[in-house]
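Written out below as C-alpha coordinates is the structure these notes cover.
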Amino acid sequence: MNVRCPHCQKIFEANQQQEHLLTYAIGKGQRLVMLECPECYWDVPLNPGDLLSNEPQKDEASEKETIAGPVNCPKCADGIMSYINDGNEEFWGCGECGYTRT
Ligand SMILES: [Zn+2]
Ligand SMILES: [Zn+2]
(Lines give C-alpha, C1' and ligand atoms only; values in the text may rest on other atoms or scores of the structure.)
(Ligands and ions follow the chains in the order given, each with its own letter.)
Protein backbone atom coordinates (compact mmCIF):
# COMPACT_ATOMS: atom_id res chain seq x y z
CA MET A 1 0.00 0.00 0.00
CA ASN A 2 1.72 3.15 -1.20
CA VAL A 3 1.08 6.45 0.49
CA ARG A 4 2.25 9.90 -0.47
CA CYS A 5 3.30 12.09 2.39
CA PRO A 6 1.64 15.46 1.83
CA HIS A 7 4.36 17.10 3.87
CA CYS A 8 7.53 15.97 2.05
CA GLN A 9 5.74 14.63 -1.06
CA LYS A 10 7.63 11.34 -0.91
CA ILE A 11 5.83 8.11 -1.59
CA PHE A 12 6.40 5.46 1.01
CA GLU A 13 5.08 2.01 1.62
CA ALA A 14 2.83 1.78 4.64
CA ASN A 15 4.18 -0.53 7.28
CA GLN A 16 2.05 -3.31 8.66
CA GLN A 17 0.60 -1.21 11.44
CA GLN A 18 -0.18 1.71 9.13
CA GLU A 19 -1.72 -0.57 6.56
CA HIS A 20 -3.91 -2.04 9.25
CA LEU A 21 -4.99 1.43 10.31
CA LEU A 22 -5.71 2.47 6.73
CA THR A 23 -7.65 -0.67 5.92
CA TYR A 24 -9.72 -0.12 9.02
CA ALA A 25 -10.30 3.54 8.17
CA ILE A 26 -11.30 2.72 4.61
CA GLY A 27 -13.68 0.05 5.87
CA LYS A 28 -15.27 2.53 8.24
CA GLY A 29 -15.49 5.23 5.60
CA GLN A 30 -13.30 7.57 7.62
CA ARG A 31 -12.08 10.64 5.83
CA LEU A 32 -8.93 11.30 7.77
CA VAL A 33 -6.13 9.25 9.27
CA MET A 34 -2.96 10.49 10.90
CA LEU A 35 0.14 8.60 9.84
CA GLU A 36 3.76 9.15 10.68
CA CYS A 37 5.83 9.53 7.55
CA PRO A 38 9.01 7.42 7.66
CA GLU A 39 10.81 9.96 5.49
CA CYS A 40 10.23 13.20 7.37
CA TYR A 41 8.83 11.83 10.67
CA TRP A 42 5.83 14.11 10.57
CA ASP A 43 2.39 13.03 11.61
CA VAL A 44 0.49 13.83 8.49
CA PRO A 45 -3.26 13.89 7.94
CA LEU A 46 -4.21 11.64 5.05
CA ASN A 47 -7.37 10.89 3.17
CA PRO A 48 -7.77 7.09 3.33
CA GLY A 49 -9.70 7.25 0.05
CA ASP A 50 -6.90 9.07 -1.77
CA LEU A 51 -3.57 7.90 -0.44
CA LEU A 52 -1.51 9.50 -3.16
CA SER A 53 -2.97 12.95 -2.80
CA ASN A 54 -0.51 15.84 -2.76
CA GLU A 55 -2.64 17.74 -0.30
CA PRO A 56 -2.94 17.06 3.40
CA GLN A 57 -6.41 15.88 4.19
CA LYS A 58 -8.72 18.28 5.94
CA ASP A 59 -11.93 17.53 7.68
CA GLU A 60 -14.38 19.18 5.35
CA ALA A 61 -17.27 18.80 7.73
CA SER A 62 -15.54 21.02 10.22
CA GLU A 63 -17.61 24.04 11.10
CA LYS A 64 -14.56 25.82 12.41
CA GLU A 65 -12.88 25.63 9.07
CA THR A 66 -15.96 26.80 7.21
CA ILE A 67 -16.21 29.82 9.43
CA ALA A 68 -12.56 30.72 9.63
CA GLY A 69 -11.50 29.73 6.11
CA PRO A 70 -7.82 29.39 5.35
CA VAL A 71 -5.81 31.04 8.07
CA ASN A 72 -2.21 32.01 7.59
CA CYS A 73 0.14 30.62 10.15
CA PRO A 74 0.89 33.27 12.80
CA LYS A 75 4.35 31.85 13.37
CA CYS A 76 6.00 31.42 9.97
CA ALA A 77 3.47 33.39 7.85
CA ASP A 78 4.17 31.08 4.88
CA GLY A 79 2.06 28.16 5.98
CA ILE A 80 -1.67 27.81 6.14
CA MET A 81 -3.29 26.55 9.29
CA SER A 82 -5.23 23.34 8.67
CA TYR A 83 -7.90 22.03 10.94
CA ILE A 84 -7.03 18.53 12.03
CA ASN A 85 -9.27 16.04 13.73
CA ASP A 86 -7.66 12.67 14.20
CA GLY A 87 -10.44 11.24 16.33
CA ASN A 88 -8.70 11.88 19.63
CA GLU A 89 -7.61 15.43 19.24
CA GLU A 90 -8.82 18.46 17.38
CA PHE A 91 -6.39 21.21 16.62
CA TRP A 92 -5.08 23.57 14.00
CA GLY A 93 -1.66 22.91 12.57
CA CYS A 94 0.69 24.62 10.16
CA GLY A 95 2.05 22.32 7.45
CA GLU A 96 5.13 24.50 6.99
CA CYS A 97 6.60 24.94 10.44
CA GLY A 98 4.55 22.54 12.55
CA TYR A 99 3.03 25.20 14.75
CA THR A 100 -0.20 23.99 16.36
CA ARG A 101 -2.94 25.50 18.40
CA THR A 102 -6.26 24.19 19.67
ZN1 LIG B 1 7.02 13.00 4.85
ZN1 LIG C 1 3.91 27.94 10.15
Side-chain angles (χ1 to χ4, degrees):
M1 197 177 265
N2 288 328
V3 180
R4 186 197 304 276
C5 169
H7 180 66
C8 66
Q9 301 291 322
K10 284 187 183 133
I11 294 175
F12 62 92
E13 185 149 2
N15 67 28
Q16 219 178 6
Q17 193 197 353
Q18 291 171 328
E19 197 160 324
H20 191 81
L21 188 71
L22 288 167
T23 308
Y24 180 76
I26 292 164
K28 272 185 71 185
Q30 255 176 255
R31 285 171 306 157
L32 188 147
V33 189
M34 296 292 287
L35 278 196
E36 188 182 282
C37 168
E39 301 284 345
C40 66
Y41 302 104
W42 273 57
D43 280 319
V44 284
L46 295 169
N47 180 351
D50 186 9
L51 295 175
L52 294 175
S53 170
N54 293 310
E55 298 294 324
Q57 173 66 353
K58 293 178 197 168
D59 192 340
E60 284 167 17
S62 157
E63 269 182 41
K64 285 183 193 172
E65 187 171 74
T66 315
I67 294 165
V71 180
N72 287 323
C73 171
K75 194 175 170 200
C76 69
D78 290 326
I80 302 241
M81 300 295 285
S82 303
Y83 182 67
I84 296 161
N85 180 350
D86 69 359
N88 299 313
E89 280 185 282
E90 298 177 25
F91 55 93
W92 291 79
C94 169
E96 293 292 323
C97 68
Y99 171 80
T100 59
R101 66 176 168 81
T102 50

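As the structure is a computational prediction, the values presented were derived from the model and not from experiment. Counting starts at 1 for both ligands and their atoms, in listed order.
Vertex the Zn ion (ligand 2); arms to Cys76 SG and Cys73 SG; angle rounded to 10 degrees, 110°.
Distances from the Zn ion (ligand 1) under 2.8 Å pick out these protein N/O/S atoms: Cys5 SG, Cys8 SG, Cys37 SG, Cys40 SG.
In this structure, SG in Cys40 is found 4.5 Å from NE2 in His7, a value given to the nearest 0.5 Å.
With a 6.0 Å radius and a threshold of 12 heavy atoms from other residues, nucleotides or ligands, Gln9 has its CD atom above the threshold. For OH of Tyr24, the number of neighbouring non-hydrogen atoms (other residues, nucleotides, ligands) closer than 6.0 Å is 12 at most.
Here the side chains of Cys37 and Phe12 are in contact, with some heavy-atom distance below 4.5 Å. Two residues are said to be in side-chain contact when any heavy atoms from C-beta on lie closer than 4.5 Å; Val3 and Leu22 meet this criterion.
The shortest non-hydrogen separation linking Gly79 to Cys94 is CA-SG, 3.7 Å.
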